[in-house]
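Every number for a ligand or one of its atoms is a count from 1 in the order of the listing.
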Amino acid sequence: METVVSGIRSTGNLHLGNYFGALKNFLRMQHENHCYFFIADYHSLTTHPTPEDLHGSSKQVLVEYLAAGLDPEIVTIYMQSDIPEIPELYLLLNMNAYKGELERCTSFKEKIRNQTENINAGLLTYPVLMAADVLIHRATKVPVGKDQEQHLEMMRTFVARFNRMYKTEYFPEPLAYNFGEQLIKIPGLDGSGKMGKSEGNGIFLADDPAAIRKKVMRAVTDSGPLTPGQEMSEPVRNLFTIMQVVSTPETISHFREKFDHAEIRYGDLKQQLAEDIIAFTSPIREKILQISADNNYLKKVARQGAEKARESASKTIREVRQIIGFKSF
Ligand code: TYM
C-alpha cells in the first residue's frame, strides 16, 4: 500500500480538466492505497476571495468530490485549513526553499504576468505549501494534471535537500502519477491553452445540459479542412482531445475519418461532443444537487476527515521537529 495525496484549490466549481487531470486517477486508486484528498482553501487565498466566496467555494468542492465518487469511508477527505500541522510544516520547509528557484517556477512567472496588482508572498511560496500538503502524510504518489508537473519536481528538490541537511531518509520523493501514462492536459474551448476556472473556457461538472450545449456550440474551430489529409489546427485538435475522454472510440474514429477526407462539419462534431459531455456529467450533476442540500452529512464528512488527517499529520510534525532539533526542556 502506498500513500497518495492530492487536492484541488477551492476557487470555484470543478471542471472537466480537474476531473480528468486529477480526480479520475485518484478515484481509480482509492481502494488500494492510503488516500488523502483535500480542499486547498489556503491556496485559494492568493487571489483574495471574500469570506463568503471562500466558504461557498470550499463547500462546493467538497460536494463535488463526493458527487464524483470519492468515498469518505475509504478516503480521508478534509479541508486544508482544518489541519494546523500543514502551515507548521510549510513554515519549516520555507527555511530551505530558495528565492531564486521559487522565482523561476513557471506558474509564478505566469501569475506575475497576469496578476500584476497582487504579487503576494503566498504566490511565491505556493510550491512550498504544496510540498507541505503532500509531505505531511509522507506520500509517494500524487495524481495531478500536466500543469502540476513542475511543482512535483520542486517537491522532490525540497525533500532531497531536507534529507541531506538532516542526514536522514525521512521524507520519500513524491511522484506525479497517472498509471504509467503521460500526465493529462484538457484544453479549453477557446482554441488555445488549458481548461481553467478563471479562463471562461471551461465546462463544469455542475453545468446543466443547456449551458453545456451553448458552450460547446460556441467553441472556437476554423473554417474547415480544404484538402484530404490536411493538418489539424489547434482549436480543432482540442475538441478531439476532449472527445477522447468523453466519447466512444467509434465516435472519435468516425469524426477523425470525416476530417481526414475533408468532409467534416464542425457543427455535427460539436453536437455529438456536447451530448457525450452531458451523458458523462449528468449523473454527477444530479448527485451534486442531492448532496449540497445535506449539510449534516457534509459536516460529518469534514469532521471525520479532519480527525483522520490530523492523526497522520501530527505524527509527522512530531518526528520532523525532533529531526530538526526542537527539544522540550
Ligand atoms: P488546481 O486547483 O488548479 O487543479 C486541481 C487539479 O486539476 C488539474 N487540472 C487539470 N488537469 C488537466 N487539464 C486541465 N485543464 C486541468 N486544470 C486543472 C491540476 O493539474 C490539479 O491536479 N496547486 C494545486 C492544488 C494543490 C495540490 C496540492 C495538488 C494544492 N496542494 C498538493 C496536489 C498535491 C492546484 O492549484 O490545482
Side-chain angles (χ1 to χ4, degrees), residues 3-27 29 35-47 49 57-58 60-62 64-65 68 70 76 78-81 83 86-87 89-90 93 105-108 110-111 115 122-123 125-156 158-159 174-178 181-190 192-205 238 241-242 244-246 309 313:
T3 301
V4 182
V5 173
S6 197
I8 297 183
R9 237 173 337 141
S10 55
T11 41
N13 294 20
L14 303 192
H15 52 69
L16 293 182
N18 297 139
Y19 183 88
F20 289 103
L23 246 175
K24 184 176 174 218
N25 294 331
F26 197 91
L27 288 168
M29 305 176 82
C35 284
Y36 296 89
F37 210 99
F38 67 97
I39 293 143
D41 50 358
Y42 280 140
H43 276 102
S44 74
L45 295 184
T46 56
T47 52
S57 312
S58 302
Q60 190 63 22
V61 175
L62 174 60
E64 296 188 5
Y65 279 1
L70 284 185
T76 305
Y78 57 97
M79 297 284 164
Q80 185 185 33
S81 62
I83 315 299
I86 294 175
L89 184 57
Y90 166 59
L93 293 173
C105 176
T106 313
S107 63
F108 179 69
E110 236 167 62
K111 286 276 155 54
Q115 201 172 304
L123 279 177
T125 57
Y126 191 104
V128 188
L129 183 53
M130 274 189 69
D133 292 329
V134 171
L135 300 180
I136 200 72
H137 303 299
R138 299 170 74 201
T140 47
K141 284 192 174 145
V142 188
V144 282
K146 178 97 185 134
D147 59 322
Q148 299 297 321
E149 204 165 32
Q150 192 183 29
H151 290 153
L152 264 294
E153 235 171 75
M154 295 175 80
M155 266 180 222
R156 289 191 289 275
F158 302 147
V159 163
L175 290 177
Y177 189 71
N178 182 19
E181 289 167 30
Q182 291 278 330
L183 301 184
I184 279 185
K185 179 178 110 173
I186 300 293
L189 296 172
D190 53 356
S192 67
K194 64 164 184 158
M195 187 174 286
K197 282 169 198 154
S198 41
E199 276 57 49
N201 66 5
I203 302 234
F204 298 96
L205 299 179
N238 287 352
T241 304
I242 301 177
Q244 245 141 30
V245 291
V246 290

At under 4.0 Å between heavy atoms, is it the side chain or the backbone of [X] that contacts ligand 1, or both, or neither?
| X | answer |
| --- | --- |
| Leu23 | neither |
| Phe26 | neither |
| Arg9 | both |

Can any side-chain N or O of [X] pair as donor or acceptor with the backbone N or O of [Y] at less than 3.5 Å?
| X | Y | value |
| --- | --- | --- |
| Asn201 | Gly196 | yes |
| Arg156 | Pro174 | yes |
| Glu199 | Gly188 | no |
| Ser6 | Pro143 | yes |
| Lys141 | Met29 | no |
| Tyr177 | Asn25 | no |
| Gln80 | Asp41 | yes |
| His15 | Gly17 | yes |

[X] neighbourhood, listing ligand 1 atoms whose heavy-atom distance to it stays under 4.0 Å:
| X | value |
| --- | --- |
| Val142 | 33 (C), 34 (C) |
| Lys194 | 15 (N) |
| Lys197 | 2 (O) |
| Lys185 | 12 (C), 13 (N) |

Any idea which protein heavy atom is nearest [atom], and the distance to it?
| atom | value |
| --- | --- |
| atom 31 (N) of ligand 1 | Asp133 OD2, 2.6 Å |
| atom 4 (O) of ligand 1 | Asn18 ND2, 3.3 Å |
| atom 17 (N) of ligand 1 | His15 CE1, 3.4 Å |
| atom 21 (C) of ligand 1 | Gln148 CG, 3.9 Å |
| atom 11 (N) of ligand 1 | Gly17 O, 3.1 Å |
| atom 12 (C) of ligand 1 | Ile184 O, 3.2 Å |

Polar contacts were defined as any N/O atom of the residue lying under 3.5 Å from an N/O atom of the ligand; does this apply to [X] and ligand 1?
| X | result |
| --- | --- |
| Val134 | no |
| Ser6 | no |
| Val5 | no |

Pick whichever of Gly7, Gly188, Gly145 has a heavy atom sitting closest to atom 25 (C) of ligand 1.
-> Gly7
Quick one: which of Val144, Asp147, Ile186, Leu129 has a heavy atom closest to atom 19 (C) of ligand 1?
->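 Result: the heavy atom closest to atom 19 (C) of ligand 1 is in Asp147.
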Within less than 4.0 angstrom of ligand 1, does [X] place any heavy atom?
| X | answer |
| --- | --- |
| Gln80 | no |
| His151 | no |
| Tyr126 | yes |

For the residue pair Ser57 and Thr11, establish whether any side-chain heavy-atom pair is separated by less than 4.5 Å.
->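 No, side chains not in contact.
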Dump the intermediate steps for side-chain contact (heavy atoms from CB on, under 4.5 Å) on Asp133 and Tyr36, then the final yes or no.
-> CA-CA 10 Å; Asp133 292 329; Tyr36 296 89; over 6 Å; no
Could you give the distance from CG (Leu16) to CG (Leu23), rounded to the nearest 0.5 Å?
->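 Interatomic distance, Leu16 CG to Leu23 CG, rounded to 0.5 Å: 11.5 Å.
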Distance (rounded to the nearest 0.5 Å) between Leu93 CG and Thr125 OG1 = 11.0 Å
Count the heavy atoms belonging to other residues, nucleotides or ligands that lie under 6.0 Å from NZ of Lys24, then report whether that count exceeds 12.
->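 Open: at most 12 neighbouring heavy atoms sit under 6.0 Å from NZ of Lys24.
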